[in-house]
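Written out below as C-alpha coordinates is the structure these notes cover.
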Amino acid sequence: MSKKMNMILFSGDYDKALAALILANSARELGIDVSMFFAFWGLFLLRNPNKITDEEKTNYEKLFARMTPKGPEDLPLSKMNFSGLGKTFLKEMMKDDDAPPLEAFLKGARKKGVKFYGCKLSMEVMGFKKEELIPEVEIIDAKGYIKDAVDSDIQLFI
Amino acid sequence: MSKKMNMILFSGDYDKALAALILANSARELGIDVSMFFAFWGLFLLRNPNKITDEEKTNYEKLFARMTPKGPEDLPLSKMNFSGLGKTFLKEMMKDDDAPPLEAFLKGARKKGVKFYGCKLSMEVMGFKKEELIPEVEIIDAKGYIKDAVDSDIQLFI
Amino acid sequence: MSKKMNMILFSGDYDKALAALILANSARELGIDVSMFFAFWGLFLLRNPNKITDEEKTNYEKLFARMTPKGPEDLPLSKMNFSGLGKTFLKEMMKDDDAPPLEAFLKGARKKGVKFYGCKLSMEVMGFKKEELIPEVEIIDAKGYIKDAVDSDIQLFI
(Lines give C-alpha, C1' and ligand atoms only; values in the text may rest on other atoms or scores of the structure.)
Protein backbone atom coordinates (compact mmCIF):
# COMPACT_ATOMS: atom_id res chain seq x y z
CA MET A 1 0.00 0.00 0.00
CA SER A 2 1.35 3.41 -0.81
CA LYS A 3 2.63 5.73 1.89
CA LYS A 4 1.28 9.19 2.57
CA MET A 5 2.74 12.47 3.85
CA ASN A 6 0.67 15.32 5.25
CA MET A 7 1.92 18.83 5.96
CA ILE A 8 0.20 21.89 7.37
CA LEU A 9 1.81 25.01 6.03
CA PHE A 10 0.88 27.61 8.65
CA SER A 11 3.88 29.86 8.06
CA GLY A 12 4.05 32.54 5.37
CA ASP A 13 7.84 32.59 5.22
CA TYR A 14 9.80 32.09 2.01
CA ASP A 15 12.30 29.72 3.59
CA LYS A 16 9.71 27.53 5.32
CA ALA A 17 7.56 27.36 2.18
CA LEU A 18 10.70 26.35 0.29
CA ALA A 19 11.40 23.56 2.80
CA ALA A 20 7.79 22.32 2.63
CA LEU A 21 7.74 22.28 -1.18
CA ILE A 22 11.14 20.59 -1.48
CA LEU A 23 9.84 17.86 0.84
CA ALA A 24 6.60 17.62 -1.17
CA ASN A 25 8.47 17.23 -4.46
CA SER A 26 10.92 14.70 -3.00
CA ALA A 27 8.14 12.60 -1.49
CA ARG A 28 6.24 12.50 -4.81
CA GLU A 29 9.43 11.38 -6.59
CA LEU A 30 9.56 8.47 -4.15
CA GLY A 31 5.94 7.55 -4.99
CA ILE A 32 4.56 8.87 -1.70
CA ASP A 33 1.15 10.64 -1.71
CA VAL A 34 1.36 14.21 -0.44
CA SER A 35 -1.34 16.47 1.05
CA MET A 36 -0.64 20.06 1.99
CA PHE A 37 -3.10 22.02 4.13
CA PHE A 38 -2.55 25.78 3.96
CA ALA A 39 -3.75 27.73 6.97
CA PHE A 40 -3.33 31.33 8.14
CA TRP A 41 -0.16 32.93 6.71
CA GLY A 42 0.48 29.78 4.66
CA LEU A 43 -2.31 30.79 2.28
CA PHE A 44 -0.18 33.68 0.98
CA LEU A 45 1.87 31.14 -1.00
CA LEU A 46 -1.19 30.12 -3.01
CA ARG A 47 -2.31 33.62 -3.98
CA ASN A 48 -2.24 34.39 -7.67
CA PRO A 49 -0.94 37.98 -7.88
CA ASN A 50 -3.00 38.54 -11.06
CA LYS A 51 -6.30 37.43 -9.53
CA ILE A 52 -6.51 39.64 -6.45
CA THR A 53 -9.88 41.37 -6.18
CA ASP A 54 -11.65 43.80 -3.84
CA GLU A 55 -15.10 42.37 -4.55
CA GLU A 56 -17.26 41.27 -1.64
CA LYS A 57 -14.63 42.23 0.92
CA THR A 58 -14.99 44.27 4.08
CA ASN A 59 -12.67 47.23 4.58
CA TYR A 60 -10.51 45.18 6.95
CA GLU A 61 -10.24 42.42 4.38
CA LYS A 62 -9.33 44.84 1.56
CA LEU A 63 -6.60 46.44 3.66
CA PHE A 64 -5.33 43.04 4.84
CA ALA A 65 -5.23 41.79 1.24
CA ARG A 66 -3.03 44.75 0.25
CA MET A 67 -0.68 44.61 3.22
CA THR A 68 0.18 40.91 2.89
CA PRO A 69 2.40 38.96 0.46
CA LYS A 70 0.85 38.19 -2.93
CA GLY A 71 2.14 34.81 -4.06
CA PRO A 72 5.36 32.83 -3.64
CA GLU A 73 8.04 35.31 -4.65
CA ASP A 74 6.54 37.99 -2.39
CA LEU A 75 7.06 36.02 0.85
CA PRO A 76 9.68 37.30 3.35
CA LEU A 77 12.36 35.20 5.07
CA SER A 78 11.64 33.96 8.62
CA LYS A 79 15.08 35.17 9.78
CA MET A 80 17.55 37.78 8.63
CA ASN A 81 15.12 39.26 6.14
CA PHE A 82 16.67 42.76 6.57
CA SER A 83 13.86 44.37 4.54
CA GLY A 84 14.33 41.90 1.73
CA LEU A 85 18.12 42.08 1.56
CA GLY A 86 18.52 38.68 3.23
CA LYS A 87 16.13 37.12 0.75
CA THR A 88 17.97 38.60 -2.23
CA PHE A 89 21.13 37.19 -0.69
CA LEU A 90 19.62 33.71 -0.28
CA LYS A 91 18.26 33.76 -3.81
CA GLU A 92 21.67 34.76 -5.19
CA MET A 93 23.30 31.91 -3.27
CA MET A 94 20.65 29.52 -4.61
CA LYS A 95 21.26 30.71 -8.18
CA ASP A 96 25.01 30.09 -7.75
CA ASP A 97 24.17 26.47 -6.96
CA ASP A 98 21.54 26.12 -9.71
CA ALA A 99 18.85 25.60 -7.08
CA PRO A 100 15.46 26.63 -8.52
CA PRO A 101 13.45 29.44 -6.83
CA LEU A 102 10.33 28.85 -4.73
CA GLU A 103 8.03 29.33 -7.70
CA ALA A 104 9.64 26.41 -9.54
CA PHE A 105 9.12 24.08 -6.58
CA LEU A 106 5.47 25.16 -6.41
CA LYS A 107 5.06 24.38 -10.11
CA GLY A 108 6.75 21.03 -9.59
CA ALA A 109 4.41 20.15 -6.74
CA ARG A 110 1.38 21.08 -8.87
CA LYS A 111 2.58 18.94 -11.78
CA LYS A 112 3.47 15.99 -9.58
CA GLY A 113 -0.05 15.73 -8.16
CA VAL A 114 0.44 17.09 -4.64
CA LYS A 115 -3.03 17.71 -3.13
CA PHE A 116 -3.53 21.38 -2.15
CA TYR A 117 -6.06 22.14 0.59
CA GLY A 118 -6.98 25.61 1.86
CA CYS A 119 -8.27 26.10 5.41
CA LYS A 120 -11.92 27.20 5.27
CA LEU A 121 -11.84 29.26 8.48
CA SER A 122 -8.62 31.07 7.51
CA MET A 123 -10.12 31.89 4.09
CA GLU A 124 -13.21 33.34 5.72
CA VAL A 125 -11.35 35.34 8.37
CA MET A 126 -8.83 36.79 5.90
CA GLY A 127 -11.52 37.34 3.28
CA PHE A 128 -9.66 35.38 0.58
CA LYS A 129 -11.80 33.98 -2.25
CA LYS A 130 -11.12 30.62 -3.89
CA GLU A 131 -10.75 32.44 -7.25
CA GLU A 132 -7.79 34.43 -5.90
CA LEU A 133 -5.71 31.28 -5.35
CA ILE A 134 -4.07 28.75 -7.68
CA PRO A 135 -6.80 26.60 -9.29
CA GLU A 136 -5.76 23.27 -7.70
CA VAL A 137 -6.81 24.36 -4.20
CA GLU A 138 -9.75 22.61 -2.57
CA ILE A 139 -11.23 24.29 0.52
CA ILE A 140 -11.73 22.04 3.57
CA ASP A 141 -12.21 22.61 7.29
CA ALA A 142 -10.03 21.56 10.23
CA LYS A 143 -11.89 18.24 10.53
CA GLY A 144 -11.10 17.53 6.90
CA TYR A 145 -7.44 18.14 7.69
CA ILE A 146 -7.51 15.85 10.74
CA LYS A 147 -9.11 12.99 8.78
CA ASP A 148 -6.40 13.27 6.14
CA ALA A 149 -3.58 13.58 8.69
CA VAL A 150 -4.65 10.65 10.84
CA ASP A 151 -4.32 8.30 7.85
CA SER A 152 -0.87 9.62 6.91
CA ASP A 153 2.52 8.13 7.71
CA ILE A 154 4.21 11.49 8.21
CA GLN A 155 2.62 14.66 9.60
CA LEU A 156 4.45 17.96 9.89
CA PHE A 157 3.42 21.42 11.09
CA ILE A 158 5.50 24.01 9.25
CA MET B 1 -9.39 1.25 18.74
CA SER B 2 -9.61 4.99 19.07
CA LYS B 3 -7.08 7.26 17.40
CA LYS B 4 -4.88 9.74 19.22
CA MET B 5 -3.36 13.13 18.40
CA ASN B 6 -0.43 14.66 20.26
CA MET B 7 0.76 18.26 19.96
CA ILE B 8 3.64 20.12 21.60
CA LEU B 9 2.79 23.76 21.90
CA PHE B 10 6.22 25.36 22.15
CA SER B 11 5.20 28.72 20.71
CA GLY B 12 3.66 31.55 22.72
CA ASP B 13 2.00 33.19 19.72
CA TYR B 14 -1.71 33.97 19.56
CA ASP B 15 -2.12 32.67 16.02
CA LYS B 16 -0.24 29.42 16.62
CA ALA B 17 -2.13 28.76 19.86
CA LEU B 18 -5.34 29.40 17.93
CA ALA B 19 -4.34 26.87 15.26
CA ALA B 20 -3.41 24.27 17.90
CA LEU B 21 -6.67 24.70 19.82
CA ILE B 22 -8.83 24.63 16.68
CA LEU B 23 -7.15 21.33 15.75
CA ALA B 24 -7.65 20.02 19.30
CA ASN B 25 -11.36 20.89 19.29
CA SER B 26 -11.88 19.43 15.81
CA ALA B 27 -10.10 16.19 16.67
CA ARG B 28 -12.20 15.74 19.82
CA GLU B 29 -15.39 16.29 17.78
CA LEU B 30 -14.24 13.41 15.58
CA GLY B 31 -13.78 11.20 18.66
CA ILE B 32 -9.98 11.37 18.56
CA ASP B 33 -8.06 11.54 21.87
CA VAL B 34 -5.95 14.69 22.16
CA SER B 35 -2.88 15.39 24.31
CA MET B 36 -1.24 18.81 24.39
CA PHE B 37 2.20 19.26 25.92
CA PHE B 38 3.00 22.91 26.72
CA ALA B 39 6.69 23.77 26.80
CA PHE B 40 8.64 27.03 26.99
CA TRP B 41 6.63 29.97 25.60
CA GLY B 42 3.62 27.68 25.12
CA LEU B 43 3.04 27.73 28.89
CA PHE B 44 1.95 31.39 28.67
CA LEU B 45 -1.38 30.21 27.22
CA LEU B 46 -2.17 28.28 30.39
CA ARG B 47 -1.48 31.09 32.85
CA ASN B 48 -4.43 32.30 34.84
CA PRO B 49 -4.02 36.11 35.00
CA ASN B 50 -5.76 36.13 38.42
CA LYS B 51 -3.45 33.59 40.02
CA ILE B 52 -0.03 35.09 39.34
CA THR B 53 2.12 35.19 42.47
CA ASP B 54 5.60 36.34 43.50
CA GLU B 55 5.93 33.72 46.23
CA GLU B 56 8.96 31.44 46.20
CA LYS B 57 10.40 33.06 43.10
CA THR B 58 13.90 34.34 42.45
CA ASN B 59 14.32 37.92 41.22
CA TYR B 60 14.83 36.67 37.66
CA GLU B 61 11.65 34.64 37.88
CA LYS B 62 9.63 37.54 39.27
CA LEU B 63 10.82 39.85 36.50
CA PHE B 64 10.26 37.19 33.84
CA ALA B 65 6.73 36.55 35.15
CA ARG B 66 5.92 40.26 34.76
CA MET B 67 7.47 40.74 31.32
CA THR B 68 5.71 37.81 29.66
CA PRO B 69 2.10 37.27 28.45
CA LYS B 70 -0.42 36.37 31.15
CA GLY B 71 -2.97 34.02 29.63
CA PRO B 72 -4.53 33.51 26.20
CA GLU B 73 -5.70 37.01 25.27
CA ASP B 74 -2.32 38.49 26.19
CA LEU B 75 -0.36 36.52 23.56
CA PRO B 76 1.13 38.44 20.59
CA LEU B 77 0.88 37.42 16.91
CA SER B 78 3.82 35.55 15.37
CA LYS B 79 3.81 37.92 12.38
CA MET B 80 2.62 41.49 11.73
CA ASN B 81 1.93 42.10 15.39
CA PHE B 82 2.76 45.83 15.02
CA SER B 83 2.66 46.37 18.81
CA GLY B 84 -0.72 44.69 19.03
CA LEU B 85 -2.34 46.47 16.09
CA GLY B 86 -2.15 43.39 13.86
CA LYS B 87 -3.77 41.30 16.58
CA THR B 88 -6.64 43.78 17.01
CA PHE B 89 -7.02 43.62 13.25
CA LEU B 90 -7.14 39.82 13.21
CA LYS B 91 -9.62 39.76 16.08
CA GLU B 92 -11.88 42.25 14.29
CA MET B 93 -11.78 40.12 11.15
CA MET B 94 -12.60 37.03 13.23
CA LYS B 95 -15.53 38.83 14.87
CA ASP B 96 -16.89 39.77 11.43
CA ASP B 97 -16.99 36.05 10.61
CA ASP B 98 -18.41 35.01 14.00
CA ALA B 99 -15.19 33.08 14.72
CA PRO B 100 -14.75 32.80 18.50
CA PRO B 101 -11.60 34.26 20.14
CA LEU B 102 -8.72 32.16 21.47
CA GLU B 103 -10.19 32.02 24.96
CA ALA B 104 -13.34 30.30 23.67
CA PHE B 105 -11.31 27.60 21.92
CA LEU B 106 -9.35 27.04 25.13
CA LYS B 107 -12.59 26.64 27.08
CA GLY B 108 -13.90 24.27 24.39
CA ALA B 109 -10.77 22.13 24.62
CA ARG B 110 -11.07 21.97 28.42
CA LYS B 111 -14.73 20.92 28.22
CA LYS B 112 -14.11 18.34 25.52
CA GLY B 113 -11.54 16.48 27.60
CA VAL B 114 -8.29 17.44 25.89
CA LYS B 115 -5.40 16.37 28.14
CA PHE B 116 -3.22 19.33 29.18
CA TYR B 117 0.40 18.61 30.12
CA GLY B 118 2.94 21.19 31.30
CA CYS B 119 6.67 20.62 30.76
CA LYS B 120 8.38 20.11 34.11
CA LEU B 121 11.74 21.58 33.12
CA SER B 122 10.15 24.67 31.52
CA MET B 123 8.08 25.24 34.68
CA GLU B 124 11.20 25.02 36.85
CA VAL B 125 13.33 27.27 34.64
CA MET B 126 10.64 29.94 34.26
CA GLY B 127 9.65 29.65 37.91
CA PHE B 128 5.97 29.00 37.12
CA LYS B 129 3.96 27.22 39.84
CA LYS B 130 1.22 24.71 39.05
CA GLU B 131 -1.24 26.93 40.97
CA GLU B 132 -0.65 29.78 38.51
CA LEU B 133 -2.00 27.74 35.58
CA ILE B 134 -5.47 26.45 34.63
CA PRO B 135 -6.41 23.58 36.97
CA GLU B 136 -6.49 20.82 34.32
CA VAL B 137 -2.71 20.92 33.77
CA GLU B 138 -0.66 17.90 34.82
CA ILE B 139 3.11 18.39 35.04
CA ILE B 140 5.22 15.77 33.25
CA ASP B 141 8.80 15.60 31.97
CA ALA B 142 10.10 15.18 28.41
CA LYS B 143 10.10 11.40 28.77
CA GLY B 144 6.42 11.53 29.68
CA TYR B 145 5.81 13.50 26.52
CA ILE B 146 7.77 11.02 24.36
CA LYS B 147 5.84 8.05 25.76
CA ASP B 148 2.56 9.77 24.95
CA ALA B 149 3.68 10.89 21.49
CA VAL B 150 5.07 7.53 20.41
CA ASP B 151 1.64 5.93 20.89
CA SER B 152 -0.16 8.68 18.95
CA ASP B 153 -1.31 8.62 15.32
CA ILE B 154 -0.51 12.31 14.75
CA GLN B 155 2.33 14.31 16.31
CA LEU B 156 2.86 18.00 15.69
CA PHE B 157 5.37 20.54 17.01
CA ILE B 158 3.76 23.96 17.00
CA MET C 1 10.84 -3.93 17.48
CA SER C 2 12.38 -0.70 18.62
CA LYS C 3 10.63 2.63 18.10
CA LYS C 4 12.06 5.53 16.16
CA MET C 5 11.82 9.32 16.36
CA ASN C 6 12.70 11.67 13.53
CA MET C 7 13.09 15.44 13.80
CA ILE C 8 13.91 18.10 11.22
CA LEU C 9 15.64 21.00 12.86
CA PHE C 10 14.96 23.84 10.45
CA SER C 11 15.18 26.62 13.02
CA GLY C 12 18.41 28.26 14.14
CA ASP C 13 17.02 29.44 17.49
CA TYR C 14 18.63 28.60 20.82
CA ASP C 15 15.34 27.72 22.51
CA LYS C 16 14.07 25.49 19.69
CA ALA C 17 17.43 23.71 19.42
CA LEU C 18 17.27 23.20 23.18
CA ALA C 19 13.79 21.67 22.90
CA ALA C 20 14.87 19.39 20.05
CA LEU C 21 17.97 18.17 21.89
CA ILE C 22 16.13 17.61 25.18
CA LEU C 23 13.63 15.45 23.26
CA ALA C 24 16.46 13.62 21.51
CA ASN C 25 18.23 12.85 24.80
CA SER C 26 15.00 11.78 26.50
CA ALA C 27 14.01 9.50 23.64
CA ARG C 28 17.44 7.80 23.65
CA GLU C 29 17.15 7.25 27.41
CA LEU C 30 13.89 5.40 26.70
CA GLY C 31 15.65 3.21 24.12
CA ILE C 32 14.09 4.96 21.13
CA ASP C 33 16.21 5.49 17.99
CA VAL C 34 16.59 9.15 17.08
CA SER C 35 17.41 10.81 13.73
CA MET C 36 17.87 14.55 13.40
CA PHE C 37 17.93 16.18 9.98
CA PHE C 38 19.43 19.68 10.04
CA ALA C 39 18.26 22.00 7.28
CA PHE C 40 18.65 25.72 6.58
CA TRP C 41 19.19 27.70 9.81
CA GLY C 42 19.28 24.44 11.79
CA LEU C 43 22.76 23.77 10.43
CA PHE C 44 24.17 26.63 12.55
CA LEU C 45 23.90 24.37 15.60
CA LEU C 46 26.36 21.89 14.09
CA ARG C 47 29.05 24.40 13.18
CA ASN C 48 32.36 24.00 14.93
CA PRO C 49 33.51 27.56 15.71
CA ASN C 50 37.16 26.44 15.43
CA LYS C 51 36.80 24.90 11.99
CA ILE C 52 35.30 27.76 10.00
CA THR C 53 37.13 28.35 6.75
CA ASP C 54 36.96 30.71 3.77
CA GLU C 55 38.36 28.13 1.34
CA GLU C 56 36.41 27.35 -1.80
CA LYS C 57 33.65 29.80 -0.94
CA THR C 58 32.08 32.49 -3.09
CA ASN C 59 31.97 36.05 -1.72
CA TYR C 60 28.32 35.59 -0.76
CA GLU C 61 29.13 32.40 1.10
CA LYS C 62 32.06 34.00 2.95
CA LEU C 63 29.93 36.93 4.06
CA PHE C 64 27.03 34.64 5.01
CA ALA C 65 29.39 32.44 7.04
CA ARG C 66 30.54 35.48 9.01
CA MET C 67 27.12 37.00 9.62
CA THR C 68 25.49 33.84 10.99
CA PRO C 69 25.76 32.00 14.34
CA LYS C 70 28.83 29.81 14.79
CA GLY C 71 27.80 26.82 16.88
CA PRO C 72 25.34 26.16 19.70
CA GLU C 73 26.10 28.93 22.19
CA ASP C 74 26.00 31.56 19.44
CA LEU C 75 22.32 30.96 18.53
CA PRO C 76 19.75 33.68 19.38
CA LEU C 77 16.39 33.14 21.09
CA SER C 78 13.27 32.89 18.89
CA LYS C 79 11.45 35.40 21.12
CA MET C 80 12.49 38.18 23.48
CA ASN C 81 16.11 37.99 22.42
CA PHE C 82 16.62 41.74 23.08
CA SER C 83 20.10 41.70 21.46
CA GLY C 84 21.10 38.74 23.58
CA LEU C 85 19.81 40.05 26.91
CA GLY C 86 16.84 37.64 26.89
CA LYS C 87 19.18 34.73 26.24
CA THR C 88 21.48 35.70 29.12
CA PHE C 89 18.36 35.90 31.24
CA LEU C 90 17.18 32.42 30.19
CA LYS C 91 20.63 30.96 30.77
CA GLU C 92 20.79 32.49 34.26
CA MET C 93 17.38 31.03 35.09
CA MET C 94 18.54 27.64 33.76
CA LYS C 95 21.70 27.82 35.89
CA ASP C 96 19.58 28.54 38.98
CA ASP C 97 17.77 25.27 38.34
CA ASP C 98 20.92 23.30 37.49
CA ALA C 99 19.65 22.82 33.94
CA PRO C 100 22.62 22.25 31.61
CA PRO C 101 23.23 24.65 28.67
CA LEU C 102 22.54 23.78 25.03
CA GLU C 103 26.10 22.61 24.46
CA ALA C 104 25.73 19.91 27.13
CA PHE C 105 22.56 18.56 25.51
CA LEU C 106 24.36 18.45 22.15
CA LYS C 107 27.22 16.51 23.73
CA GLY C 108 24.69 14.18 25.36
CA ALA C 109 22.97 13.51 22.05
CA ARG C 110 26.31 12.76 20.37
CA LYS C 111 27.30 10.33 23.13
CA LYS C 112 23.93 8.61 23.17
CA GLY C 113 24.08 7.73 19.47
CA VAL C 114 21.60 10.18 17.99
CA LYS C 115 22.01 10.12 14.18
CA PHE C 116 22.94 13.55 12.79
CA TYR C 117 22.06 14.30 9.17
CA GLY C 118 22.84 17.53 7.32
CA CYS C 119 20.70 18.64 4.38
CA LYS C 120 22.74 18.46 1.16
CA LEU C 121 20.96 21.31 -0.62
CA SER C 122 21.20 23.64 2.39
CA MET C 123 24.92 22.88 2.70
CA GLU C 124 25.48 23.71 -0.97
CA VAL C 125 23.40 26.90 -0.92
CA MET C 126 24.99 28.23 2.27
CA GLY C 127 28.44 27.07 1.19
CA PHE C 128 29.06 25.08 4.37
CA LYS C 129 31.65 22.30 4.11
CA LYS C 130 31.31 18.98 5.95
CA GLU C 131 34.64 19.71 7.69
CA GLU C 132 33.18 22.83 9.32
CA LEU C 133 30.58 20.80 11.23
CA ILE C 134 30.76 18.33 14.11
CA PRO C 135 32.27 15.06 12.85
CA GLU C 136 29.17 12.89 13.37
CA VAL C 137 27.20 14.61 10.60
CA GLU C 138 26.32 12.61 7.50
CA ILE C 139 25.13 14.60 4.48
CA ILE C 140 21.91 13.34 2.83
CA ASP C 141 19.31 14.85 0.51
CA ALA C 142 15.59 15.47 1.07
CA LYS C 143 14.73 12.02 -0.26
CA GLY C 144 17.04 10.48 2.32
CA TYR C 145 15.18 12.42 4.99
CA ILE C 146 11.78 11.28 3.70
CA LYS C 147 12.83 7.62 3.67
CA ASP C 148 14.00 7.90 7.26
CA ALA C 149 10.90 9.84 8.41
CA VAL C 150 8.37 7.52 6.80
CA ASP C 151 9.69 4.60 8.86
CA SER C 152 9.59 6.58 12.12
CA ASP C 153 6.94 6.54 14.84
CA ILE C 154 7.26 10.25 15.60
CA GLN C 155 8.08 13.02 13.12
CA LEU C 156 8.49 16.64 14.14
CA PHE C 157 9.39 19.80 12.22
CA ILE C 158 11.12 22.21 14.57
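Proteins get letters first, then strands, A, B, ... in listed order; numbering begins at 1 in each.
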With rounding to the nearest 0.5 angstrom, report the CE to CG distance, A:M93 to C:N59.
12.5 Å
Please say whether more than 12 non-hydrogen atoms of neighbouring residues, nucleotides or ligands are located less than 6.0 Å from NZ in A:K120.
no
Could you report the tightest heavy-atom contact between A:D97 and C:E124, atom names first, then the distance?
OD2-O, 2.8 Å
Please report the shortest heavy-atom distance between C:K143 and A:L30, naming the atom on each side.
O-CD1, 3.8 Å
Please determine whether the number of non-hydrogen atoms from other residues, nucleotides or ligands lying under 6.0 Å from atom NZ of A:K130 exceeds 12.
yes
Where does A:M7 contact chain C at under 4.5 Å (heavy atoms): side chain, backbone, both or neither?
neither
More than 12 heavy atoms of other residues, nucleotides or ligands under 6.0 Å from NZ of A:K107: yes or no?
no
To the nearest 0.5 Å, tell me how far A:K16 NZ sits from C:W41 CH2.
11.0 Å
Residue C:S122 versus chain A: region with a heavy atom under 4.5 Å
neither
Contacting region of C:F40 [heavy-atom separation from chain A under 4.5 Å]
side chain
In Å and rounded to the nearest 0.5 Å, what is the CG to CZ distance from A:D15 to C:F10?
4.0 Å
Using heavy-atom distances under 4.5 Å, tell me whether C:L156 contacts chain A through its side chain, its backbone, both, or neither.
backbone
Best-contacting candidate, C:I154, C:D151, C:V150, against chain A by heavy atom pairs under 4.5 angstrom:
C:V150
Who among A:I22, A:D96, A:I158 has the most heavy-atom pairs with chain C under 4.5 Å?
A:I158
Select one option (side chain, backbone, both, neither) describing which atoms of C:A39 are under 4.5 Å from chain A's heavy atoms.
neither
Portion of C:I8 that has a non-hydrogen atom of chain A nearer than 4.5 angstrom:
side chain
So for atom NZ, which belongs to C:K51, do other residues, nucleotides or ligands contribute more than 12 heavy atoms lying within a distance under 6.0 Å?
no
Check: A:M80 and C:T68 side chains under 4.5 Å, non-hydrogen atoms
yes
For C:F64, which atoms come within 4.5 Å of any heavy atom of chain A: side chain, backbone, both, or neither?
both
Could you go through the ring-ring contact (aromatic ring centres under 6.0 Å, His included) check for C:Y60 and A:F89 one step at a time?
CA-CA 7 Å; C:Y60 274 119; A:F89 210 95; 5.0 Å; yes
Leading residue by heavy atom contact count with chain A [cutoff under 4.5 Å; candidates C:A142, C:S152, C:S11, C:S78]:
C:A142
Is the count of non-hydrogen atoms from other residues, nucleotides or ligands lying under 6.0 Å from A:K95 atom NZ greater than 12?
no
Go through the steps for C:D13 and A:K79 under the test side-chain contact (heavy atoms from CB on, under 4.5 Å), then give the verdict.
CA-CA 10 Å; C:D13 298 319; A:K79 294 277 158 194; 2.8 Å; yes
In terms of heavy-atom proximity below 4.5 Å to chain A, should C:N6 be classed as side chain, backbone, both, or neither?
neither
Quick one: pull up CG in A:L23 and CD1 in C:I146 and give me the separation to the nearest 0.5 Å.
5.0 Å
